[in-house]
Amino acid sequence: MTSTDIFAALRARAIAALRDLLPELPEDAFAKVQMEPPRDPSHGDMATNAALVVAKPARQPPPKLAAALAERLAALPEVESAAPAGPGFVNLRLREGFLRAQLPVILEAAEAYGDSAIGAGRRADVEYVSANPTGPMHVGHCRGAVVGDALANLLDKAGWAVTKEYYINDAGAQVQALAWAAYWRYLQALGTMLTEEEYAANIPGGLQYRGEYLIPVGEALKSRYGDALAPGALPADPALWLDTVRPFTVEAMMAEIRQDLAALGVRHDVFVSEAELVRAGVADRAIATLAERGLVYEGVLEPPKGKTPDDWEPRPQTLFASTRFGDDVDRPLRKSDGSNTYFANDIGNHGDKLARGFDELVHVWGADHGGYIKRMQAAVSALSADRPVPLDVVLTQIVKVMKGGEPVRMSKRAGTYVTLADLIEEVGRDAVRFTMLTRKADAQMEFDLDKVVEQSRENPVFYVQYAHARCRSVLRSAGDPSDLAEAPLDSLADPAELALIRRLTAWPRTVESAALAREPHRIAFFLHDLAGDFHVLWNRGREDTTLRFIRGDEPEATRARLALVAATATVIRSGLRVMGVTPVEEMR
RNA sequence: GUCUCCGUAGCUCAGCAGGAUAGAGCACCAGAUUCCUAAUCUGGGGGCCGUGGGUUCGAAUCCCGCCGGGGACACCA
């Protein structure tokens, strides 16, 4: 594969030179060689630790190796100069011509610039959102949705074959409670004489979902079934209606969730239903597999340390020996009523993923599920013992929604939480998505409704969009020339122009490192920096008219700069695409 | 009590799988607009990277202890 990543290219050059200098050295001695931008730009365009890394196995002092390596590298056509530095680094300064030559590379690749092959086509299943189908999505789900979607896009760009998956938790007690709540709205639609409290007193677990969003579901049940499920508008035996109302309600909730996701621009490839998996016996099969491997037993757990639940009692349970795979305690597979625990069903879910042939599993969960990671990884290890498949979990922290400097109170019970639909309506899809990616997923985040719509430098969404719009504005006023990849580029020599080119060439390695770290927020930071470089250049043109992009008196220089602008726009678009944000043509 | 994440400028946060003199934005101070959008930009001050050890050529980064904070801890999902 021909990489467009010049850092990878020069790293290969450095390794080749070292191999030549030290033919005795085993190949794995070069594994830790890095070629990266130095912190201090005055050190040059790239720096490598190659001499430091190789010094020990080569039994030579690093400075001596660095000097020899520098001499070799200095002879390369891409390299202007190379010098040993510090304890054994080699700093490289690239020829400006080589840097400029990256612009046609970018323009020809277009948005494919930065695509990588490190994923090597491995099949990755990215499961995200997976909100319980018990109500509309709120901002908490939203972060997971955006992070997951961007991560999936990122992995795709970096060479994985990605499936975007949603796991519907439609088999547990909460869905049961949802059905009871929907049934209440149904009774209301039929004109029941009961009060809410009277109804709530007689249902298992109480009336848990009181939000108004179930009212339409009650109406829909009425128009579909009349009073057949509650003759005389009186509560009937659940055996008569529960298996009808539950799936009906789940379907209604999922329709709403799909709508919310669509509004966010999130589209999953696969929706997997927990209930269906259970019906298909997937969970039982997975547990049977574990049992065959001697990992399932009947046992009594210690009470949890710290705070013991009031109703705790020692009791034999069906347990999975997850401690053998690094978990803290073994985990129950069956509830006291004999049905599967959520964990047992999720083992089935993962068994199903493995059966579908994925090479890597990635999940995005809320941080409150952090305690669940070890047991799930244990289960996947146990199930994939013959062909290890890694399970990576990305946790997303809480989002605090702020308005006018005050936190917006959220309560699902009271039905006052901020729904995703509200949020999108208020600030727009692109702002929501971009902002959700301006923090590391695992860091708490304040989402300031006022700032996000503010059109100022403080707002990174705006800042990046504005840079793209400016690029487009320039290209439009130049008549959108199409043959910029052939433009002569020698006139691009101003430090600000070269700085922008250097930034652009860092895009491929940014994609790779972000994908490997599973950190899509790095894309947002990169774009912010890139936008900054562009704004700087733009402003130089204010002070120094010879630096303007379009110069009527200098057609060649104009073409060169248009090539630079077009490349910048391309990379911004490419990054925004990963984030799922629409690049704008103008800022009206 | 156990597990887990976190602690970097006054504030909000980056810091790229250990690298050279630790960065950005906001806030603060001083500047730039006959111009392709000043919705932007330039310059400046500001840090014991919570703390004590360890690993090594080299640590904000890796390991251990401590302090401080978030989250999770059978039969919820």
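Letters A, B, ... mirror the listed sequences (proteins, then strands); counts begin at 1.
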**Item:** Expected output: side-chain A:Asp330 to main-chain A:Thr323 donor-acceptor under 3.5 Å
**Value:**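 The answer is yes, because a donor-acceptor pair under 3.5 Å joins these two groups.
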ask   = A:Arg476 side chain to A:Glu585 main-chain N or O, any donor-acceptor pair under 3.5 Å?
value =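 At least one qualifying donor-acceptor pair exists.
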Do [X] and [Y] pair up side chain to side chain, a donor and an acceptor below 3.5 Å, judged on atom types alone?
X: A:Thr318; Y: A:Glu298; answer: yes
X: A:Gln176; Y: A:Arg246; answer: yes
X: A:Asp352; Y: A:Asn349; answer: no

Side chain to side chain, [X] and [Y], heavy atoms closer than 4.5 Å:
X: A:Trp160; Y: A:Ile118; result: yes
X: A:Trp507; Y: A:Thr510; result: yes
X: A:Phe343; Y: A:Met376; result: yes
X: A:Leu333; Y: A:Asn340; result: no

Taking atom [atom1] in both [N] and [M], compute the distance separating them and give it to the nearest angstrom.
N: B:G10; M: B:C28; atom1: C1'; value: 10 Å
N: B:A22; M: B:G65; atom1: P; value: 30 Å
N: B:C16; M: B:C6; atom1: P; value: 12 Å
N: B:A59; M: B:G53; atom1: C1'; value: 13 Å
N: B:G19; M: B:G15; atom1: P; value: 13 Å
N: B:U61; M: B:U56; atom1: P; value: 16 Å
N: B:G54; M: B:A14; atom1: P; value: 30 Å
N: B:G69; M: B:U8; atom1: C1'; value: 16 Å

Encoded 5' to 3' (Watson-Crick or G-U under 3.5 Å; [ ] crossing; | other strand), RNA chain B becomes (((((((..((((.....[...)))).(((((.......))))).....(((((..]....))))))))))))....
What's the closest nucleotide to the [X] side chain, out of [options]?
X: A:Gln174; options: B:A77, B:U40, B:U37; answer: B:A77
X: A:Ser336; options: B:U42, B:C75, B:A77; answer: B:C75
X: A:Met587; options: B:C75, B:A74, B:U37; answer: B:U37
X: A:Phe549; options: B:A74, B:A77, B:C36; answer: B:C36
X: A:Ile550; options: B:U37, B:C36, B:G71; answer: B:C36

Just the rounded figure in Å: distance from [atom2] of [N] to [atom1] of [X].
X: A:Asp494; N: B:U42; atom1: CG; atom2: P; value: 13 Å
X: A:Asp368; N: B:C3; atom1: CG; atom2: C1'; value: 15 Å
X: A:Tyr372; N: B:C5; atom1: OH; atom2: P; value: 19 Å
X: A:Arg540; N: B:A32; atom1: CZ; atom2: C1'; value: 13 Å
X: A:Glu298; N: B:C75; atom1: CD; atom2: P; value: 16 Å
X: A:Leu277; N: B:A77; atom1: CG; atom2: C1'; value: 15 Å
X: A:Arg331; N: B:C76; atom1: CZ; atom2: C1'; value: 14 Å
X: A:Gln60; N: B:C57; atom1: CD; atom2: P; value: 17 Å

Short N-O contact, A:Arg540 and A:Glu497, less than 4.0 angstrom
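No.
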Describe the nucleic acid contact of [X] in one word from base, sugar-phosphate, nothing, applying a heavy-atom distance below 4.0 Å.
X: A:Val474; answer: nothing
X: A:Gly370; answer: nothing
X: A:Tyr463; answer: sugar-phosphate

Under 4.0 angstrom between [X] side-chain N/O and [N] OP1 or OP2:
X: A:Lys56; N: B:C57; value: yes
X: A:Lys400; N: B:U12; value: no
X: A:Ser473; N: B:U37; value: yes

- Does a distance-only test, which skips hydrogens and angles, find a donor-acceptor pair under 3.5 Å between the side chain of A:Asn539 and the base of B:U40?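 Looking at the base of B:U40, it does pair with a donor or acceptor on the side chain of A:Asn539 (distance under 3.5 Å).
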Check your understanding: Angle class for the A:His369/A:Tyr372 ring planes (parallel below 30°, perpendicular above 60°, tilted otherwise)?
Key ->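 Ring orientation of A:His369 relative to A:Tyr372: perpendicular.
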With sugar-phosphate taken as primed atoms, P, OP1 and OP2 and all else as base, the protein-contact string of nucleotides 14-24 of chain B at under 4.0 Å (heavy atoms; B, S, -) is SSB--BB----
* To do: To the nearest 0.5 angstrom, please state how far the CG atom of A:Leu530 sits from the NE2 atom of A:His528.
  =>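 Separation between the atoms: 11.0 Å.
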